[in-house]
Amino acid sequence: MTVNLLGLDHEAMQAFCAGMGEKPFRARQLLRWIHHAGVDDFGAMTDVSKALRERLAQSASIGAPRVLRDTTAADGTRKWLLDVGTGNAIESVFIPEGDREGWSRGPACGDVTPERDASASGQVAGILSAGRSPERGPSSRAPRRYRGTLCISSQAGCALECSFCSTGRQGFNRNLTTEEIISQLWWASRALRSRKALAAGFGTAQSAVDRPGHLGLGERAISNVVMMGMGEPLANFDNVVAAMRLMLDDNAYGLSRRRVTLSTAGLVPAIDRLRETCPVSLAVSLHAPSDKLRDELVPINRKYPIRELMAACLRYVEKAPRKYVMFEYVLLSGVNDGAAEARALAALVKDVPCKINLIPFNPFPGIPYQRSAPEEIERFREVLTRAGLIATVRKTRGDDIDAACGQLAGRVQDRTRRTLSRPQELSR
Ligand code: SAH
């Protein structure tokens, strides 16, 4: 059997190379060809000897899942449906923000901060809260501001059954392998590079090996990754961590820990493990200020109640690359969006360094909840702001292609017990 090199992090790649009697630098070389250049053919690896290329072709492969569908929304959001076999498909979404003119359009997934963050190139990359004016106008001579966030899936389906989530509705099939997780970033980087950069005259395979993910002008096609697609990433711990190591590795995607965000419904022991193993930015799906309500919306709360979750967040912050936790709170009209809940939420988080990201509910067929009206969302946000918290409203993106938060359903053969919530996906 051949080894799929796509899923090997640096350590595993070194072990593979050692097994072939090769020196450790080969691991770096292979990682760069695969992840910087997006190469899936050993023959294209021009600085590897022909003899070694032939041996590699016999003992290894670079295999990503097939793309079943590739759709772009009116706002530029792009969604890929990947075939992960045995009737399962998973989704990943690319959310461009700002644009080549340097204007930011406000926060989407994982974006909460009105903060300034020095990037590798030394340019200041402001992250804007909704409604703030752009920090740089198009006439500025400074490098242009661009952000691209890729939202990726960690499981085929999800076992957590959050009451408002479409992935949860279709049941759980299996954990994704490391290569299936990283291949979402691999495909997206490749697709974005080939469309934009190659058209603009840069981005040859060799230059991509030398300059990871660059489109020119110091810009990256994908500057941020959020584990906010299908599935609960902490329920697939080892594969998710191996994939995140590749995201962070300079020989692969070279993202900073601050720019990789893992979102969890609150698996307390795994939050502690993550803090020790691979601390990245953490988002926690809170959605309710009391156990009574959270038990209903996020059933895993019955196992790990709010008090334990808050304590885990406090422990996490000690090691986190961002010194706060981002609490996600989906606003469901008449359910959790009243002033009383906002006050209870403010009281609950007052001792945890945090920011709050309010998510307007994204409806899907057969769901009893409704999105809160914009005035209700604003009122909720104001209560939090008056209590001294930083609260932003997540901008809904890509809803014309069902790419908005909580709408990712892919297509999963439910091995649990439920029926598919979106049978139309199967007939397409
Ligand atoms: N299992 C992880 C990742 C889930 S998706 C988690 O629970 O955090 C990322 C976010 O989208 C979560 O906060 C999730 O609660 C939210 N979400 C799910 N369904 C939604 C919907 N229909 N509308 C808006 N947000 C939703």
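Whatever order the structure lists ligands and atoms in, that order sets their numbers, starting from 1.
Residues E232 and Q155 have side chains in contact (heavy-atom distance under 4.5 Å, counting atoms from C-beta outward). Within the 4.5 Å cutoff, no side-chain heavy atoms of L262 are placed close to those of S281. Contact of the M13 side chain with the L5 side chain is registered, since non-hydrogen atoms from C-beta on lie closer than 4.5 Å.
Without hydrogens or angle criteria, N251 side chain to R28 main chain gives no donor-acceptor distance under 3.5 Å.
The distance between the ring centers of H287 and F164 falls below 6.0 angstrom.
T149 and N224 share no donor-acceptor pair across their side chains, judged by distance under 3.5 Å alone. Judged purely by distance below 3.5 Å, without hydrogens or angles, the side chains of N236 and S154 never pair a donor atom with an acceptor atom.
Atoms of ligand 1 lying under 4.0 Å from at least one heavy atom of C165, given by number and element, are 18 (C), 19 (N). The contact set between ligand 1 and H287, taken as ligand atoms under 4.0 Å from a residue heavy atom, comprises 13 (O), 14 (C), 15 (O). Which parts of ligand 1 touch T264 is read off a 4.0 Å heavy-atom cut-off, strictly below it: atoms 6 (C), 7 (O), 8 (O). Per-residue contacts place A265 under 4.0 angstrom from the following atoms of ligand 1 (heavy atoms of the residue considered): 6 (C), 7 (O), 8 (O). Interface of F164 with ligand 1, defined as ligand atoms under 4.0 Å from a residue heavy atom, comprises 15 (O), 17 (N), 18 (C), 19 (N), 20 (C), 21 (C), 22 (N). Using a 4.0 Å cut-off to heavy atoms of S285, the atoms of ligand 1 that qualify are 6 (C), 7 (O), 8 (O), 12 (C), 13 (O), 15 (O).
Residue L160 has no nitrogen or oxygen atom sitting less than 3.5 Å from a nitrogen or oxygen atom of ligand 1, judged on distance alone. Taking any N or O of S166, backbone or side chain, none lies under 3.5 Å from an N or O belonging to ligand 1.
Residue G266 places no heavy atom under 4.0 Å from ligand 1. Within the 4.0 Å heavy-atom shell around ligand 1 one finds G231.
Within the 4.0 Å heavy-atom criterion, the part of E328 lying near ligand 1 is the side chain and not the backbone. The backbone and the side chain of N362 each have at least one atom closer than 4.0 Å to an atom of ligand 1 (non-hydrogen atoms only).
Counting heavy atoms of neighbouring residues, nucleotides and ligands inside a 6.0 Å radius, atom NZ of K319 exceeds 12 of them.
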